[in-house]
Amino acid sequence: MIEAKILEQTGEALRKLYGHELAPGSIGLERTKKEITGDFTIVVFSLLKISRKSPEATATEIGTFLQQNMPEIADFNVIKGFLNLVLNDQFWLKFMMKNAFQPDFGFYKTRQERPVVLEYSSPNTNKPLHLGHIRNNLLGYSLAAILKANGHKVIKVNLVNDRGIHICKSMLAYMKWGNHETPVSTGIKGDHLIGKYYVLFDKKYKSEIHGLIEKGLTEEEAERQAPLIMEAQELLQKWEAKDHETIALWKQMNGWAYEGFDLTYQRLGVDFDHIYYESETYLLGKKLVMEGLENGTLTKKEDGSIWADLKNEGLDEKLLLRADGTSVYMTQDIGTAQLRYDDYHPSSMIYVVGNEQNYHFDVLKKVLARLGKEYGSHINHLSYGMVELPQGRMKSREGTVVDADDLMDEMFRTAEETTRELGKANELSTSDAGNLFKTIGLGALKYFILKVDPKKNMMFDPGESIDFNGNTGPFIQYTYARIQSLLAKADAAGFLWKDAKISTHIALLPLEKETIKRLYQFQETVAQAGEEVSPAIVANYVYDLAKVFNQFYQELPVLKEEENEKLLLRLMITYFVGETIRKSMALLGIQVPARM
RNA sequence: GGUUCCGUAGCUCAGUUGGAUAGAGCAACAGCCUUCUAAGCUGUGGGUCGCGCGUUCGAAUCGCGCCGGGAUCACCA
């Protein structure tokens with residue numbers, strides 16, 4: 001890349017001009033600001049100690065040296081301490097002709113044999129997916145694509161929370177009040193049916209607590225002694241004891257949940273290489289905990305419960321096994337980590353999990369270290385922010401949960417309405433139109449969520465629909481569709497732009513150059529998104545690319561350009577932009593339509 | 001209370017890891033379709049980067065202290 005060469009030559013300049021060696025990393029190189037002439041800028045302030053001259057003189061001397069020693073540099077200018085370098089058009093043209101037709105432009109070769117295990121989604125089988133899960137799923141899917149583009153082998157895994165006290169709650173409610181309903185008999189999607197019983201449990205449980213408090217118990221006592229919660233706990237013990245009827249019901253209800261999840265995943269366009277179930281990992285977790293107890297790294301309390309004492313490491317005590325022998329979330333996560341490590345011997349394990357669980361992962365890593373598991377230090381928690389509503393976070397009790405299936409339905413509907421209003425669905429067959437609405441609706445939703453820095457909380461207002469204009473998915477998709485239309489017309493007109501040999505000596509107009517520069521930045525965007533594990537970087541990039549191309553498209557004729565070489569050049573730029581949009585959007589898990 | 005994250009235009013978000021006059025979109029207003037798709041393009045207005053000190057050639061960015069908000073500190077997951 002040209003940046004490395006500039007830095008190297010700048011180091012050379014410092015050596016020749018001032019007799020000083022400097023590590024290349026300590027020179028500040030950045031892109032030149034939009035309003036100023038130039039492509040790259042060296043900030044010379046930090047070099048003044050070496051040159052012992054004014055900023056202007058230093059910048060001018062280095063600029064002169066670079067211009068003499070680098071054929072790519074056509075010119076330079078100095079403003080205060082900023083050395084702005086202008087690359088010649090030949091450099092940009094060569095770059096484009098070399099890469100425009102390379103399918104893997106911007107992607108990196110395999111660099112690590114051991115895979116990365118990436119966990120995302122991780123639903124509970126007691127309720128359907130909601131907006132929070134959507135953010136999780138989109139982040140996970142996109143990150144997998146970005147890591148692959150960076151040359152990593154990625155194993156996408158899902159960890160299903162299919163056991164535990166919460167599952168027993170919906171099972172118990174179903175046993176008591178279910179009347180043998182099924183998804184078929186009710187016409188309710190399986191995961192939603194189970195969610196109904198989870199909510200019902202909560203409602204009945206609350207009213208029991210309320211009754212007990214009126215009888216004079218404290219809230220804490222009431223919560224612990226309510227008959228329903230005690231029954232749920234008994235059910236959990238029966239489950240861990242593999243009681244036949246309990247297991248049968250559990251299998252049946254989980255099956256319903258899986259059918260529902262599969263449908264939602266399919267609509268959302270996410271997938272997994274391996275699905276782990278807590279019910280398959282918690283026993284291994286228990287075993288590891290017992291080993292820890294034997295070798296003295298864990299402690300047992302009088303009631304028989306087992307704990308990790310992490311007070312010396314700045315954390316608290318953490319329960320790992322209850323007195324009745326049943327396991328908790330942490331127990332199974334220990335087992336899951338071990339199983340995953342045994343299965344894949346990964347170079348690292350990434351968990352896409354909300355930032356509300358930061359503490360959990362601190363504890364997990366410390367407990368694994370306690371147990372002597374070195375892979376614990378390669379656990380990477382991608383901690384993402386919550387999706388907030390105008391009234392705060394989603395609460396199932398207050399009915400403010402935004403359901404994943406409902407939201408997608410709404411997006412498809414809005415996409416259809418908007419498309420029909422614009423009269424763009426008229427010439428399409430019914431099935432093509434249906435696919436287009438899905439592509440656009442999902443594109444809007446996915447881009448809306450992924451353009452925000454994963455680490456930050458984000459706001460979603462269900463009251464106002466997601467935009468289709470401006471900095472949105474459909475804007476980028478539309479840009480792509482226009483490009484395809486233009487290219488189809490070029491082919492129909494018989495322009496042989498794909499094999500065209502264009503002179504590298506023609507002069508570029510500002511908008512032509514700006515567009516090629518954006519394409520050049522795709523490589524570093526992919527790398528940066530991988531380093532920072534952030535799809536938002538790709539999203540912001542592809543928006544900028546589309547925006548600049550739209551200016552290009554608006555201001556410059558392509559097919560109507562009179563000079564043949566210019567016409568071919570512009571077609572080539574157009575194609576390259578289309579491909580880069582498509583690839584960027586694919587990194588986000590967003591499809592692009594050939595027309596819209 | 002301890003730990004931790006956050007605070008940028010009316011709203012939603014960027015800001016290249018300390019650089020030049022802080023940027024987009026939405027919303028508002030004014031223009032551009034007999035010419036490659038107007039889900040587009042152009043322009044106008046809109047800012048004490050929460051507040052205050054400090055570090056230095058230079059701070060939205062780093063440090064300290066306040067103010068405000070979120071998360072977490074479960075025998076829930």
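Reckoned from all heavy atoms, side chains included, excluding hydrogens, waters and symmetry mates. Below, chain A is the first sequence line, B the second, and so on; all start at residue 1.
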Self-check item: Upstream residue (5' side of RNA chain B) when A:Glu388 and A:Phe82 are each assigned their closest nucleotide
Solution: A:Phe82
Please write out the pairs of protein N or O atoms and N or O atoms of nucleotides 73-76 of chain B separated by less than 3.5 Å, giving the distance to one decimal.
from  : atom 1 : to       : atom 2 : distance (Å)
B:C75 : N4     : A:Asp303 : OD2    : 2.8
B:C76 : OP2    : A:Arg322 : NE     : 2.8
B:C76 : OP2    : A:Arg322 : NH2    : 2.1

[X]: which residues meet the ring pair (Phe, Tyr, Trp, His ring centres under 6.0 Å) condition with it, sequence neighbours left out?
X	result
A:Tyr384	none
A:Tyr120	A:Phe272
A:His381	A:Phe361

Sequence neighbours left out, cut at 3.5 Å: what donor-acceptor pairs do the side chains of residues 549-560 of chain A make with other protein atoms?
from     : atom 1 : to       : atom 2 : distance (Å)
A:Asn550 : OD1    : A:Arg482 : NH2    : 2.8
A:Asn550 : ND2    : A:Thr479 : OG1    : 3.2
A:Asn550 : ND2    : A:Ala546 : O      : 3.3

Quiz item: Under the side chain to side chain contact (heavy atoms under 4.5 Å, CB included) test, which residues partner A:Glu417, sequence neighbours left out?
Solution: none
Exercise. Applying side chain to side chain contact (heavy atoms under 4.5 Å, CB included), name anything that partners A:Val533, two or more places apart in sequence or on another chain.
Key: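 A:Val533 satisfies side chain to side chain contact (heavy atoms under 4.5 Å, CB included) with A:Leu143, A:Leu382 only.
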Self-check item: By salt bridge (Lys or Arg N to Asp or Glu O under 4.0 Å) - contacts of A:Lys547 (at least two apart)
Solution: none
With 3.5 Å as the limit, what N/O pairs link the protein to nucleotides 23-26 of chain B?
from  : atom 1 : to       : atom 2 : distance (Å)
B:A24 : O2'    : A:Tyr543 : OH     : 2.9
B:G25 : OP1    : A:Lys547 : NZ     : 3.3
B:G25 : O2'    : A:Asn471 : N      : 3.3

Under-3.5 Å N/O pairs linking protein and nucleotides 34-38 of chain B:
from  : atom 1 : to       : atom 2 : distance (Å)
B:U35 : O2'    : A:Lys560 : NZ     : 2.6
B:C36 : O3'    : A:Lys489 : NZ     : 3.0
B:C36 : O2     : A:Leu559 : N      : 3.1
B:C36 : N3     : A:Val558 : N      : 3.1
B:C36 : N4     : A:Tyr553 : O      : 2.5
B:C36 : N4     : A:Leu556 : O      : 2.4
B:U37 : OP1    : A:Ser485 : OG     : 3.0
B:U37 : OP2    : A:Ser485 : OG     : 3.3
B:U37 : OP2    : A:Lys489 : NZ     : 2.7
B:U37 : O2'    : A:Tyr478 : OH     : 2.3
B:U37 : O2'    : A:Arg482 : NH1    : 3.3
B:U37 : O2     : A:Lys424 : NZ     : 2.6
B:U37 : O2     : A:Met596 : O      : 3.4
B:U37 : N3     : A:Met596 : O      : 2.7
B:U37 : O4     : A:Met596 : N      : 3.2
B:A38 : OP2    : A:Arg482 : NH1    : 2.9

Quiz prompt | salt bridge (charged side-chain N to carboxylate O under 4.0 Å, His left out) pairs, two or more places apart, involving residues 438-450 of chain A | solution =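 Qualifying pairs, neighbours excluded: none.
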Quiz item: When you measure from every atom of RNA chain B, which of residues 37-54 of chain A have a heavy atom less than 4.0 Å away?
Solution: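 Contacting residues: A:Thr41, A:Val43, A:Phe45.
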